[in-house]
Amino acid sequence: MYRHLEHRLAQRITEFLSRRYPGASLPGVVIEPPPKVELGEFAIPVFPFAKPLRTAPLRIAETIRAEIGAIEGIAEMQVAPPGYLNVKVDRAWLAGGLAADQKPAADIPAGKILVEHTSINPNKAAHIGHLRNAILGDTFVRLLRYAGREVDIQNYIDNTGVQVADVVVGFTQIEKKSRAEIEALTRQPRFDYYCWDLYARVSQWYAQDKQNLQVRAQTLHGIEDAASETAAIAELISTAVLRRHLETMDRLDIEYDFLPRESEILQLHFWEAAFVKLKEASVLTYETEGKNKGCWVMRRAGTASNPEAIGSAEEASDISEEDQKVIVRSNGTVGYVGKDIAYHMWKFGLLGRDFGYRKFYRYPNRHECWISATEGEKDHPHFGDVAEIYNVIDARQSEAQNTVIQALRGLGHQEAADHYAHFSYEMVALTPRCAAELGYTLSEEDKTRSYIEVSGRKGFGVKADDLLDQLIASARNEVDSRHPQLAEEERAAIATQIAVGALRYFMLKFTKQSVIAFDFKEALSFEGETGPYAQYAVVRATSIFKKAALDPDTFSREVAGNLSTADFAQYLAAESANEIWELWLASAKTSYIVDQCIATTEPAYLAKHAFQLAQLFNTFYHRYPILSETDEKRKKFLLATVAIVRRELIRTLAVMGITVPPVM
RNA sequence: GGGCGCGUAGCUCAAAUGGAUAGAGCACCGGAUUUCUAAUCCGGUGGUUGCAGGUUCGAUUCCUGCCGCGCCUACCA
């Protein structure tokens with residue numbers, strides 16, 4: 001509702017200005033919320049029009065106010081010095097629409113979207129950094145779906161890289177385990193934890209003797225030969241760890257549709273197909289001398305003086321060594337950026353090849369997750385060939401991502417490149433205090449840092465399942481003391497919901513570009529700006545209806561039928577109603593916020609919205625007795641207020657992947 | 001050296017395309033009518049937005065230069 005009204009207002013003002021001041025070239029209309037609700041719901045700064053119109057801001061504002069005419073949903077406009085046009089909406093009109101849950105049609109762009117997230121190397125347990133990735137990605141998917149878009153969720157699996165090779169080395173060389181022994185281990189619970197420790201030991205083993213690195217190279221080579229024993233062991237390990245990752249993420253209600261693996265990208269010769277096209281388009285050039293002699297190289301992203309010229313012969317022939325990115329090594333093998341280019345051509349349907357597909361994992365809710373295969377099942381969903389992609393990958397890989405985009409441009413796929421979004425976010429690190437708690441010895445330098453990077457190689461970090469277990473245990477303590485009468489199973493379920501709410505909210509409250517310095521104290525907090533705070537607001541709202549012997553969902557659906565526009569006007573129009581009006585106004589903004597989140601690829605705004613709704617509700621809850629209200633009509637209105645805020649808060653939390661327990 | 005990003009209250013973070021008095025949470029201090037109410041609410045303390053210039057009617061936001069910090073910059077992935 002709010003979003004729709006804002007669009008209409010912007011449109012009408014733009015139209016009016018071009019009609020009233022023909023010929024003038026004016027900047028776009030900016031609409032923002034005024035600092036206080038007393039001033040209205042929308043504010044338009046008119047300063048930008050003053051100079052081109054050679055007219056004082058206040059006069060322009062007054063002209064718009066006096067001459068624009070009636071706009072549906074807008075009650076009045078006021079001119080405010082030094083140059084704002086403040087707009088007040090028709091509160092009863094907006095409240096009526098909100099109560100009826102009207103959703104004005106929005107323009108939904110056509111075309112499927114592919115969101116790739118999680119993409120953990122399948123060689124060890126997931127840690128908190130991976131959680132941030134998966135939660136951001138999953139929330140973004142929910143945002144897109146809320147906005148009516150069709151989305152496929154992919155989780156890319158690098159099952160043939162050095163990280164998997166290292167764990168293979170650990171099992172075969174350090175532990176001297178046979179394939180059968182390894183297979184038995186994969187069936188043990190939390191096999192990924194075993195690998196976590198082993199991976200750290202392998203890193204130490206390499207450090208002990210540089211000779212050991214040769215074993216890694218051999219193993220890596222062996223994995224690429226799909227028929228080898230090494231490849232079979234790697235497949236065994238990576239598949240088992242992958243299953244564990246899916247289980248871990250499922251604890252947070254995070255699911256995937258398709259798992260493309262690097263092994264199939266290799267075996268189905270995606271690269272060879274891309275290589276031909278890249279050479280034809282002169283995106284790659286062959287170096288005949290210097291440091292990169294014998295390699296096929298590409299210009300590193302961000303180093304071109306004239307990005308438009310990429311792919312042209314004169315540009316390609318002259319890349320300084322420093323600006324070269326090796327795509328194909330002199331021994332003929334291709335690096336990961338090359339594979340990534342081929343893979344992304346596939347995503348946009350530009351490669352002319354496809355994966356085979358087979359079923360891999362069935363979620364408890366019966367949703368099927370598919371995996372790539374050299375020879376797949378006959379019937380399968382159609383993946384790839386999408387209109388837009390979002391890659392949730394941390395900021396450290398932005399240069400590599402940009403290189404892939406540049407390759408697409410060089411191939412002439414401008415539209416694909418324009419719809420390739422690197423959803424970049426910063427890492428999760430640990431506070432020095434947290435690192436110390438984990439038993440990590442800090443150097444003097446480390447102690448002064450605000451955060452310390454986690455390291456899978458060192459086995460230094462907080463594992464996802466451990467954190468979740470701790471959160472559940474902590475929530476369970478609270479639930480047990482508050483609701484000892486509830487059945488064991490019920491308390492467990494509530495504690496889990498609270499833990500997931502706390503974790504997901506925690507990962508979403510920070511903006512993407514902020515490094516999260518992880519700290520148990522903060523992450524385990526259930527008070528203040530947290531998920532449980534928002535969940536609790538909903539529980540409170542629900543409890544009002546319970547006491548009143550009403551079903552909140554039924555009530556909220558029937559609000560519009562029970563309260564007329566005149567009723568809303570009676571209770572919302574007055575200045576004294578501002579406090580309650582703020583709840584209605586904030587509730588009306590959900591779709592608007594969702595749009596903002598998508599446009600800026602920033603889910604943190606959604607967390608802010610949830611917090612704001614919860615905060616407004618808690619204040620209202622404290623200040624306005626509802627069930628004891630003697631005026632029946634007013635009581636109904638107050639209940640409607642509760643019902644609408646509750647509805648929007650539940651929706652907002654659902655988009656964040658957070659559910660609400662029945663009691664807390 | 002080059003590229004990207006960051007620097008805001010004691011701590012952790014907000015502040016959409018530049019807008020009205022820079023906001024939250026935590027911590028600390030002081031309070032909350034036997035109610036639908038404490039995983040909550042109200043009040044208080046706390047700021048030269050790293051520094052210096054510039055653009056603008058207006059700068060936390062844009063530009064330039066410094067200072068400090070992080071990440072990337074492999075024929076690793």
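Just so it is clear, the values below take in all heavy atoms, side chains as well, and ignore hydrogens, waters and symmetry mates. Naming convention: chains lettered A, B, ... in sequence-line order (proteins, then strands); numbering from 1 in each chain.
Atom name C1', nucleotides B:U45 and B:G50: the rounded distance is 25 Å, in whole Å. When the C1' atom is compared between B:U55 and B:U12, the two are found 34 Å apart, to the nearest whole Å. Nucleotides B:G54 and B:G18 have their C1' atoms positioned 15 Å apart, rounded to a whole Å. Nucleotides B:U60 and B:U48 have their P atoms positioned 14 Å apart, rounded to a whole Å. Spacing of P atoms, B:A22 relative to B:C28, comes out at 27 Å, to the nearest Å. Remark: the separation of the C1' atoms in B:G23 and B:A39 is 23 Å, to the nearest Å. Distance noted for atom C1' between B:U8 and B:C13: 10 Å (whole Å). B:C51 sits 22 Å from B:G58 when the C1' atoms are compared, rounded to a whole Å.
Here the C1' atom of nucleotide B:G70 and the CG atom of A:D394 are 13 Å apart, to the nearest Å. Here the P atom of nucleotide B:C75 and the NZ atom of A:K325 are 7 Å apart, to the nearest Å. In this structure, CD of A:Q163 is placed 15 Å from P of B:C76, rounded to the nearest angstrom. Here the C1' atom of nucleotide B:C13 and the CD1 atom of A:I516 are 11 Å apart, to the nearest Å. The distance between atom CG of A:L616 and atom P of B:C41, rounded to the nearest whole Å, is 11 Å. Straight-line distance from the CZ atom of A:R299 to the C1' atom of B:G3: 13 Å, rounded to whole Å. Between the P atom of B:A74 and the NZ atom of A:K291 lies a distance of 6 Å, rounded to the nearest Å. Distance CD (A:E262) to P (B:C76): 14 Å, rounded to an integer number of Å.
Nucleotide B:A20: unpaired (no Watson-Crick or G-U wobble partner with both distances less than 3.5 Å). Under the Watson-Crick or G-U wobble criterion, with both distances below 3.5 Å, B:G1 is paired with B:U73. Base pairing analysis places B:U8 opposite nothing; no Watson-Crick or G-U wobble pair with both distances below 3.5 Å involves it. A 3.5 Å limit on both hydrogen-bonding distances identifies B:G31 as the Watson-Crick or G-U partner of B:C41. In this structure B:A52 sits in a base pair with B:U64, meeting the Watson-Crick or G-U test at under 3.5 Å.
For A:S525 and B:G25, the shortest distance from a side-chain N or O to OP1 or OP2 is not below 4.0 Å. Applying the 4.0 Å criterion to OP1 and OP2 of B:U73, one finds that A:R396 has every side-chain N and O outside that range. OP1 or OP2 of B:G70 sits under 4.0 Å from a side-chain N or O of A:R449. Remark: A:Q615 is in phosphate contact with B:G25, judged by side-chain N or O atoms under 4.0 Å from OP1 or OP2. Between B:C69 and A:Y451, no contact under 4.0 Å exists linking OP1 or OP2 to a side-chain N or O. Contact between the side-chain N/O atoms of A:Y425 and the OP1/OP2 oxygens of B:G5 is not found at any separation under 4.0 Å. Regarding contacts with the backbone of B:A39, a side-chain N or O of A:R482 is found under 4.0 angstrom from either OP1 or OP2. Put simply, A:K521 has no side-chain N or O that comes within less than 4.0 Å of OP1 or OP2 on B:C26. Between A:K509 and B:G25 there is no side-chain polar atom (N or O) within less than 4.0 angstrom of OP1 or OP2.
Residues A:E527 and A:A80 both approach RNA chain B. Their nearest nucleotides, taken by heavy-atom distance, put A:A80 toward the 5′ side. Residues A:E453 and A:P81 each lie close to RNA chain B; by heavy-atom proximity, the contact nearer the 5' end of the strand is made by A:P81.
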message = Walk me through whether A:T118 and A:N133 qualify under side chain to side chain donor-acceptor pair (under 3.5 Å).
response = CA-CA 6 Å; A:T118 307; A:N133 182 303; 4.6 Å; no
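Ion pairing between a basic and an acidic side chain is recognised when a charged N comes within 4.0 Å of a carboxylate O; A:R59 and A:E62 show no such pairing. The pair A:K293-A:E287 does not meet the salt-bridge criterion, since no charged nitrogen lies less than 4.0 angstrom from a carboxylate oxygen.
In terms of polar N and O atoms assigned as donor or acceptor, the side chain of A:S398 never comes within less than 3.5 Å of the base of B:C72 in a complementary pairing. For A:Y536 against B:A39, a side-chain-to-base donor-acceptor contact under 3.5 Å is absent.
Checking B:A74, B:U17, B:U40 against every side-chain atom of A:R300, the shortest atom distance belongs to B:A74. Between B:U56, B:C71, B:A77, one nucleotide has an atom nearer to the side chain of A:V162 than all others, and that is B:A77. Distances were taken from every side-chain heavy atom of A:R329 (C-beta onward) to each of B:C57, B:G70, B:C75; the shortest belongs to B:C75. The side chain of A:H622 lies closest to B:A32 when the candidates are B:A39, B:A32, B:C75. Side-chain atoms of A:E478 lie closest to B:A39 of the nucleotides B:U17, B:A15, B:A39. Among B:C71, B:A77, B:G19, the nucleotide with an atom closest to any side-chain atom of A:Y84 is B:G19.
Contacts of A:P48 with the nucleic acid, taken as non-hydrogen atoms under 4.0 Å apart, include base atoms. Heavy atoms of A:V337 sit nowhere under 4.0 angstrom from any nucleic acid atom. Across all strands shown, A:S543 has heavy atoms under 4.0 Å from sugar-phosphate atoms exclusively, and none from any base. Contact annotation for A:N86: base contact, defined as any heavy-atom pair under 4.0 Å involving a base atom. As judged by a 4.0 angstrom heavy-atom cut-off over every strand, A:K36 is placed among the base-contacting residues. Counting non-hydrogen atoms under 4.0 angstrom, A:F611 reaches the backbone sugars and phosphates but no base.
Using a 4.5 Å heavy-atom threshold, the side chains of A:Y621 and A:V642 count as separate.
Stacking of A:K512 on the aromatic ring of A:F423 is recorded, both the 6.0 Å distance cut-off and the 45° axial limit being met.
Here A:Y505 and A:Y533 keep their ring centres 6.0 angstrom or further from each other.
A:Q324 and A:N292 form a side-chain donor-acceptor contact under 3.5 Å, judged by distance and modelled atom types alone. When only modelled atom types and interatomic distance are considered, A:H344 and A:N391 share a side-chain donor-acceptor pair under 3.5 Å. No side-chain donor-acceptor contact under 3.5 Å links A:Q612 and A:K589.
A distance cut-off of 5.5 Å between ring centres, combined with a plane angle under 30°, places A:F47 in a stacking arrangement with the base of B:G19.
Between the side chain of A:N123 and the main chain of A:V167, no donor-acceptor pair closer than 3.5 Å is present.
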